[in-house]
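Right, one structure below, let's go through it.
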Number of protein chains: 2
Amino acid sequence: MATTRDRILNAFEALLVGQGSRSATLDAVAEEAGVSKGGLLYHFPSRDDLVVGMLDRLRDMGAKDAEKMRSAPQGAVAYYLETSKHTGSAFDRAMIAAARISQESDARASSALDDLREAWFEVLDEQLDDDELARTVQLLCDALYFNETMGLAEEASMPAVRAILARLGALDVQP
Amino acid sequence: MATTRDRILNAFEALLVGQGSRSATLDAVAEEAGVSKGGLLYHFPSRDDLVVGMLDRLRDMGAKDAEKMRSAPQGAVAYYLETSKHTGSAFDRAMIAAARISQESDARASSALDDLREAWFEVLDEQLDDDELARTVQLLCDALYFNETMGLAEEASMPAVRAILARLGALDVQP
DNA sequence: GTCTATAGATGGATAGAC
DNA sequence: GTCTATCCATCTATAGAC
């Protein structure tokens, strides 16, 4: 069983992702986490502390993911493409939650996401050794990711992207 | 001078884009529009009516934009790529504002954005006559657009996308 | 059409019991 | 560490004057 602290952050993220920041109130988070508002505020003295706690966890997960991508047997491009599919993993949820917060002009959230993208780009560029192509792969995966995040209907996109990346030879790389 | 109604919607959109839905309160919208809260509520009896009014205006602008794209002298792909740059136009603002609302599980906003994308895709597919390529162009432009929307630092992306689209021959099309 | 005043509900946060 | 009770600010919405 996760710690209360983690269950609270999970609840905060889930509400941010599912309903947006407006609905992620202390009351709602407490209820989702199965704790009282007082209990929540013991762990996170203010709503802003929830944001900080969430971004800290995201940075941890991000560092681990970049390492996993670097040594993925199928190559970084294929790994990145696969993990652009929205799996509902804890990491996914934390990224989207951070995106929600960053849209409220929160510099800490924007910078956490920027650093994540930078780390991924470095791995792509290492393996592709083609700056333009690395950026394009990242953009395509961003788009797949964000479209899904926004609930847009784009089932045909993934096969199209795979086909185009094959035309460009981007799927041939090895770690 | 714009009508009061339009100034109110402009203010609502500006707050959604700049600060997020949480900050787009009736008080804040009224102040930004230079009208009292009572005055605002005369035109839009509830906050939800602001959303509906905003989406109506977006649909109008969207229909006009798809037509402009279809007959653009530089071709639909180049037009679409150029207008993916965030210009701060009224249309831009309305799209991003709708994206903010759609993230709160608002089916009306999601559907308005979906319809817009569908209309653009049709034009791209007409001119490219390559389904995969049309989807890819759209995804790349989405990514450029959304990255900018989210305040991510990606100045190098546009030239990279242009270069890759040139490799694919996607920039050669004519209306 | 626009304003002020105010009601009623909800949000963030504190105090203190257990 | 977790809970209940409560305070105060803010938010949506209404009423009614001009």
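Keep in mind that the numbers below use all heavy atoms, side chains included, and drop hydrogens, waters and symmetry copies. So you know, we letter chains A, B, ... as the sequences are listed, proteins then strands, and number each from 1.
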Candidates C:dG12, D:dT12, C:dA13 - which lies nearest the side chain of A:Thr25 = C:dG12
Which whole-number value in Å describes the distance from B:Leu50 CG to D:dC11 P?
-> 15 Å
Whole angstrom value for the distance that separates P of C:dG11 from CG of A:Asp48 = 18 Å
Among C:dC3, D:dA13, C:dG11, the one nearest any side-chain atom of B:Leu41 is D:dA13
For B:Ser36, which contact category applies under a 4.0 Å heavy-atom criterion: base, sugar-phosphate, or nothing?
-> base
Which residue, A:Asp27 or B:His43, contacts DNA chain C at a nucleotide closer to its 5' end, judged by nearest heavy atom?
-> B:His43
Would you say a side-chain N or O of A:Tyr42 is under 4.0 Å from OP1 or OP2 of D:dT2?
-> no
Does B:Thr4 make a side-chain N or O approach to OP1 or OP2 of C:dG1 shorter than 4.0 Å?
-> no
Decide yes or no for A:Tyr80 and A:Leu140: does some side-chain heavy atom of the first lie under 4.5 Å from some side-chain heavy atom of the second?
-> no
Would A:Arg135 and A:Asp131 pass as an ion pair if we require N to O under 4.0 Å?
-> yes
If you look at every strand shown and take non-hydrogen atoms under 4.0 Å, does A:Arg22 touch a base, only sugar-phosphate, or nothing?
-> sugar-phosphate
So which heavy atom on A:Leu41 is nearest to which on A:Ser46, and how close?
-> CD2-N, 4.2 Å
To the nearest angstrom, the NZ-P distance between B:Lys37 and D:dT12 comes to 7 Å
Can you check the B:Asp49 CG to D:dT14 P distance for me, whole Å?
-> 10 Å
When the distance from CZ of A:Arg47 to P of C:dT10 is rounded to whole Å, what number comes out?
-> 17 Å
Only one of A:Arg100, A:Gln103, A:Glu104 passes side-chain hydrogen bond (donor to acceptor under 3.5 Å, both in side chains) with A:Ser21, and that residue is A:Glu104
May I ask you to say what B:Leu26 touches in the nucleic acid, namely base, sugar-phosphate or nothing, with a heavy-atom cut-off under 4.0 Å?
-> sugar-phosphate
Once you round it to whole Å, what is the distance between P of C:dG12 and CG of A:Leu40?
-> 10 Å
Output yes when A:Arg70 and A:Glu67 qualify as a salt bridge under the 4.0 Å nitrogen-oxygen rule, no when they do not.
-> yes
